[in-house]
Asks: 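Pasting a structure below so you can have a look.
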Amino acid sequence: MMFSCFITITANANGVLKGQVIDKLTEEPIERATVKDIKTNKTTFTDKNGNFVLANVGTDSLLVSFIGYEPKLVKPERSKFVLVKLERGAINLKEVTISNSPELKTFSMLSNLDLNMQPAKSAQDLLRLVPGLFIAQHQGGGKAEQIFLRGFDADHGTDVNLSVDGIPVNTVSHAHGQGYADLHFLIPETVSSYDFGKGPYYTDKGDFNTAGYVAYYTKGVLDHDVIVEEAGQFQTMRLLAMINLLSDKERKKGQSAYVAAERLYSNGGPFALPEHFTRYNLFGKFITKIGSTNKLTAIASTLQSDWRASGEIPDRAVAEGYIGNRFGVLDSAQGGQTSRTNASLKLTTTLNNGWLMDNQLYYSHYYFNLISNFSFYYYFPATGDEFRQKESRDLTGYNGRIWKTTTVNNATFNTTLGFSGRYDHIYPLELDHTENGQFLNYLQYGRAKELNANTFFDETLASGKWLFNAGIRADYFHFYYQNLAPTTDIYASAIFVNVNPNAQKAILSPKLNIEYTFTNQFQLYLKAGKGFHSNDARVVIANKALEVLPAAYGTDLGFNWKPIPNLYINMALWYLYLQQEYTFGQDLIDQPAGPVSPSGKTVRLGIDFSARYQFTGWLFVNANANFARPRYIDSLQGHNYVALAPTFTSTVGLDFRFKNGINGGVNYRYLQKRAANSDYSLTARGYFITDLAVNYTRKRYELGITIQNLFNRSWDESQFAYVSRLKGETTPVDEVSYTPGVPFFAKLKVVVFF
């Protein structure tokens with residue numbers, strides 16, 4: 001399969017080159033392509049729109065390259081446009097050089113390489129592409145994954161900012177947990193690129209960007225139409241179709257449109273209660289030029305999903321014969337339904353004097369309904385502790401940005417001003433006591449409204465070997481929660497007696513980043529900044545606006561290094577202080593946000609290590625190791641562990657690509673055992689799991705097999721420390737509950753390209 005791209009360059013009299021890199025086939029701009037002056041070794045990168053500026057050019061020869069493309073020597077003529085075709089070829093780490101990154105995308109080389117070598121097969125795979133990010137599923141497949149990153153058990157998104165094409169995935173004041181981020185509406189085959197950063201150092205990322213952020217971008221046009229069929233164990237079946245709607249002729253005029261549709265069914269494993277997990281996804285994208293200075297991008301998508309779940313099983317349930325094995329169930333009413341419909345309009349405009357502007361409007365309608373039971377008969381011995389979390393949400397938002405690249409002598413300035421806002425209206429927002437799925441009474445019931453308006457200014461100066469970036473971000477929040485529970489439901493009403501239903505808060509977040517590039521083989525960087533995660537509106541109102549926007553203060557000292565041509569290393573020593581940790585509790589009665597519990601101040605120290613090595617033209621290795629030491633500050637020694645926070649994770653993979661079409665990889669992921677509670681009297685068990693993928697790819701088709709848990713190891717995907725009482729027990733027990741990980745799981749794939 002061959003792809004091409006063109007670079008359009010113009011040179012003016014003072015030696016400044018300006019250009020744009022676009023894909024020949026799709027007419028889409030290519031971000032992060034490298035443009036290098038052969039004589040001076042001065043290097044720059046293309047921005048989101050494929051544009052670049054290269055000052056004080058010392059020669060008429062430029063080297064233009066991008067990961068997965070053959071490098072090309074370009075000889076631009078002054079005041080002339082030059083088209084250079086870059087054809088996709090073998091991935092070659094020798095062609096990768098290290099240079100200052102005006103957009104602070106320190107990890108872009110890793111993301112571009114990993115997406116090329118490890119194409120995602122699911123939404124879970126998309127998250128696992130981020131080095132050091134681990135996930136866990138513990139409620140039947142349809143629930144958002146639990147996320148672990150940089151010493152955080154970030155629950156379902158409390159400390160990781162997720163977005164798709166500028167649309168936020170995190171949901172504030174969610175029925176299940178603050179920042180809940182369900183990525184299952186994203187079809188993995190539609191993703192063209194992703195970007196990630198660790199720590200609170202990025203002015204355009206606001207709420208939940210404490211441990212880091214991940215941003216995904218979908219394709220503007222398909223390379224070809226695709227039909228995929230997958231079938232595997234546990235009655236797993238997946239169908240996918242992706243179809244271009246416009247002709248090549250329309251594409252050359254700047255228009256493109258395609259649709260993608262997906263259906264997935266699986267029982268998830270050998271569960272006594274089959275999951276019957278069903279998911280439908282529909283996605284469409286349309287791009288058109290409006291005049292010579294505007295490009296309009298329209299996106300629409302919808303997700304519908306439902307499932308059953310076995311939930312978390314206490315260790316003693318199997319040992320004492322309550323259930324037959326690890327895949328049994330104690331409450332068969334658990335499970336859920338969810339849906340999300342998104343719409344987005346984005347207008348990109350080229351203004352006078354080199355300014356560019358983005359304006360995006362988006363809307364999401366969201367529904368969530370989940371029945372769970374963690375403690376069984378602890379709180380309510382007669383009827384049981386089963387509960388429902390339910391909400392319906394309308395989310396409306398705007399993203400705006402104006403930016404310009406200016407060259408003065410040997411210095412390049414990147415100036416960006418951004419402004420955005422989102423408004424969430426959530427009704428109903430409820431936590432119900434249920435029995436066998438039937439409503440008994442409200443534990444919480446109300447209406448929430450939340451507004452976040454923000455602006456940021458960011459300036460980057462690149463001169464010689466130095467890059468300096470400074471930015472400031474301002475966020476304003478308005479919270480509203482109206483308790484609508486009847487007074488007869490005493491648990492729901494007692495928390496919100498004599499409280500003001502409105503609260504507001506603002507926060508400033510400064511950022512500073514410095515890079516020094518010694519050579520094209522070694523770069524040192526320092527990052528420092530302040531971020532935050534917002535609190536749940538119910539907590540804010542119940543606590544009378546205390547601890548509304550807990551701040552995070554962090555710093556990274558790291559380097560990018562190519563000690564030999566075929567080896568790339570990134571390593572960072574980092575620190576993060578957090579004013580208030582969010583942890584997953586179990587109290588159904590007196591916590592305003594249900595099972596999500598704000599707790600104390602924490603500090604984390606850690607080391608991140610990533611390496612990519614190319615043995616030969618067809619064999620690659622990727623390795624990641626991540627150490628963290630998370631601790632509470634205001635707790636006694638020995639009682640200051642952050643429950644479930646990861647302390648050491650590691651992944652290693654071998655990827656291969658033969659010229660005859662055989663490709664794939666084998667990889668392991670390792671999560672070390674860790675504290676399940678604050679004094680480490682309970683332990684969350686670790687795991688070491690190996691996966692395998694092998695494909696045979698030709699021009700018109702692809703055949704493949706994937707195997708999860710190749711060596712069929714028994715492991716726990718998620719674990720929690722709960723006080724629970726099983727039916728018939730006279731006293732509750734404090735111990736670890738778990739969801740078993742999938743055993744050996746093979747899946748076949750047939751893909752047709754046309």
Side-chain angles (χ1 to χ4, degrees), residues 67-68 90-94 96 107-136 145 147-150 188-189 191 193-194 196 198 214 216 560-562 564 566-572 607-627 646 648-658 661-672 686-697 702 704-713 715 717 741-742 744-747 749:
I67 292 176
I91 295 174
N92 191 347
L93 270 179
K94 290 181 180 179
V96 174
F107 308 106
S108 63
M109 202 292 293
L110 291 175
S111 63
N112 287 330
L113 182 62
D114 289 350
L115 191 59
N116 269 279
M117 295 305 302
Q118 307 168 56
K121 300 172 286 294
S122 65
Q124 293 92 325
D125 291 324
L126 288 170
L127 287 167
R128 289 193 182 115
L129 285 171
V130 177
L133 192 154
F134 275 55
I135 60 173
E145 277 70 31
I147 300 174
F148 304 94
L149 180 67
R150 277 206 164 181
E189 288 86 352
V191 173
S193 64
Y194 73 103
F196 71 91
K198 299 179 182 180
V214 191
Y216 298 96
N560 294 307
W561 184 27
K562 285 195 71 179
I564 57 177
N566 285 351
L567 176 62
Y568 177 91
I569 295 173
N570 170 262
M571 189 171 180
I607 299 174
D608 289 343
F609 172 84
S610 292
R612 302 294 182 266
Y613 181 68
Q614 184 173 3
F615 284 102
T616 67
W618 57 270
L619 184 61
F620 301 77
V621 63
N622 63 82
N624 304 291
N626 306 90
F627 302 85
F648 176 64
T649 62
S650 171
T651 62
V652 173
L654 279 173
D655 300 303
F656 53 87
R657 281 190 174 184
F658 295 105
I662 296 176
N663 61 88
V666 60
N667 65 82
Y668 79 74
R669 58 187 189 274
Y670 170 70
L671 176 63
Q672 189 180 54
Y687 59 76
F688 185 103
I689 299 299
T690 305
D691 300 326
L692 172 70
V694 179
N695 303 304
Y696 179 62
T697 307
E702 180 178 79
I705 181 172
T706 61
I707 300 176
Q708 297 179 36
N709 197 356
L710 179 64
F711 300 112
N712 199 28
R713 299 176 67 98
W715 64 294
E717 184 162 6
V742 67
F744 180 96
F745 174 35
K747 185 170 60 176
K749 174 179 67 174

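From a predicted model like this one, the values you see are computed outputs, not experimental measurements.
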Asks: Looking only at atom types and distance, does a side-chain atom of Arg612 sit under 3.5 Å from a main-chain N or O of Ala623, one as donor and one as acceptor?
Replies: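 Side chain of Arg612 to backbone of Ala623, a donor-acceptor pair under 3.5 Å: yes, one is there.
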
Asks: Looking only at non-hydrogen atoms, find the nearest pair between Ile91 and Phe620 and report the distance.
Replies: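 Looking at all heavy atoms of both residues, the closest pair is O-CZ, 3.5 Å.
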
Asks: Are any non-hydrogen side-chain atoms of Leu126 and Tyr194 less than 4.5 angstrom apart?
Replies: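 Not in contact.
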
Asks: OG1/Thr616 to CG/Leu619 distance, rounded to the nearest 0.5 angstrom?
Replies: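 If we round to the nearest 0.5 Å, Thr616:OG1 and Leu619:CG are 5.0 Å apart.
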
Asks: Do Asn570 and Ser610 pair up side chain to side chain, a donor and an acceptor below 3.5 Å, judged on atom types alone?
Replies: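 There is no such pair between these side chains.
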
Asks: Rounded to the nearest 0.5 Å, how far does OG1 of Thr649 lie from CD of Gln672?
Replies: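 Reported to 0.5 Å precision, the distance equals 9.5 Å.
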
Asks: Determine whether Val666 and Phe656 make a side-chain contact, defined as any pair of heavy atoms from C-beta on separated by less than 4.5 Å.
Replies: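 Heavy-atom side-chain distance check fails, nothing below 4.5 Å.
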
Asks: Please name the residue in the list Asn667, Ile689, Thr690, Asp691 that meets the side chain to side chain contact (heavy atoms under 4.5 Å, CB included) test with Leu710.
Replies: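 Only one option passes, and that is Thr690.
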
Asks: Could you tell me whether the side chain of Gln708 and the main chain of Lys747 form a donor-acceptor pair under 3.5 Å?
Replies: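 Pair absent, no side-chain N/O of Gln708 close to backbone of Lys747.
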
Asks: Taking all non-hydrogen atoms of both residues into account, name the closest pair between Val742 and Trp715 and its distance.
Replies: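 Here Val742 and Trp715 meet closest at O-NE1, 3.0 Å.
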
Asks: When rounded to the nearest 0.5 angstrom, what distance separates CG in Asn92 from CD1 in Ile67?
Replies: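 These two atoms lie 10.5 Å from each other.
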
Asks: Asn622: what forms a side-chain hydrogen bond (donor to acceptor under 3.5 Å, both in side chains) with it, not counting sequence neighbours?
Replies: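 Partners of Asn622 under the side-chain hydrogen bond (donor to acceptor under 3.5 Å, both in side chains) test: Asp655.
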
Asks: Got Phe609 and Ile569 here, is their nearest side-chain heavy-atom distance under 4.5 Å?
Replies: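 The answer is yes; the side chains approach within 4.5 Å.
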
Asks: Can you tell if the side chain of Arg669 reaches within under 4.5 Å of the side chain of Tyr687, non-hydrogen atoms only?
Replies: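 Yes. Closest side-chain heavy atoms under 4.5 Å.
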
Asks: Looking at residues at least two apart in the chain, or sitting in another chain, which of them share a ring-ring contact (aromatic ring centres under 6.0 Å, His included) with Phe134?
Replies: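 Checked Phe134 against ring-ring contact (aromatic ring centres under 6.0 Å, His included); zero matches.
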
Asks: Are any non-hydrogen side-chain atoms of Asn626 and Arg150 less than 4.5 angstrom apart?
Replies: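 The answer is no; the side chains never approach within 4.5 Å.
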
Asks: Side chains of Asn709 and Phe745: closer than 4.5 Å at any heavy-atom pair?
Replies: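 Asn709 does not reach Phe745 side chain to side chain.
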
Asks: Using modelled atom types and a 3.5 Å cut-off, is there a donor and acceptor pairing between side-chain atoms of Trp618 and backbone atoms of Asn663?
Replies: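 Flag not set: sc Trp618 to bb Asn663 has no pair under 3.5 Å.
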
Asks: Is there a donor-acceptor contact under 3.5 Å from the side chain of Lys562 to the main chain of Leu93?
Replies: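 The answer is yes, because a donor-acceptor pair under 3.5 Å joins these two groups.
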
Asks: Regarding Arg657 and Asn695, do their side chains bring together a donor and an acceptor under 3.5 Å, going by distance alone?
Replies: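 Looking only at side-chain atoms, Asn695 and Arg657 do not form any donor-acceptor pair under 3.5 Å.
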
Asks: Which pair of heavy atoms, one from Ala693 and one from Thr706, lies closest together, and at what distance?
Replies: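 Scanning both residues completely, I find the closest heavy atoms to be CB-CG2, 3.9 Å.
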
Asks: With a 4.5 Å cut-off on side-chain heavy atoms, are Leu127 and Phe196 touching?
Replies: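 They are not in side-chain contact.
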
Asks: When the ring planes of Phe688 and Tyr670 are compared, do they come out parallel, tilted or perpendicular, using 30° and 60° as the limits?
Replies: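 The arrangement is tilted - the two ring planes meet at 30° to 60°.
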
Asks: Please examine the side chains of Asp608 and Pro131, heavy atoms only from C-beta on, and report whether any two atoms are closer than 4.5 Å.
Replies: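 Not in contact.
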
Asks: If only atom types and distance count, is the side chain of Asn624 paired as donor or acceptor with the main-chain N or O of Gly132 below 3.5 Å?
Replies: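 Pair absent, no side-chain N/O of Asn624 close to backbone of Gly132.
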
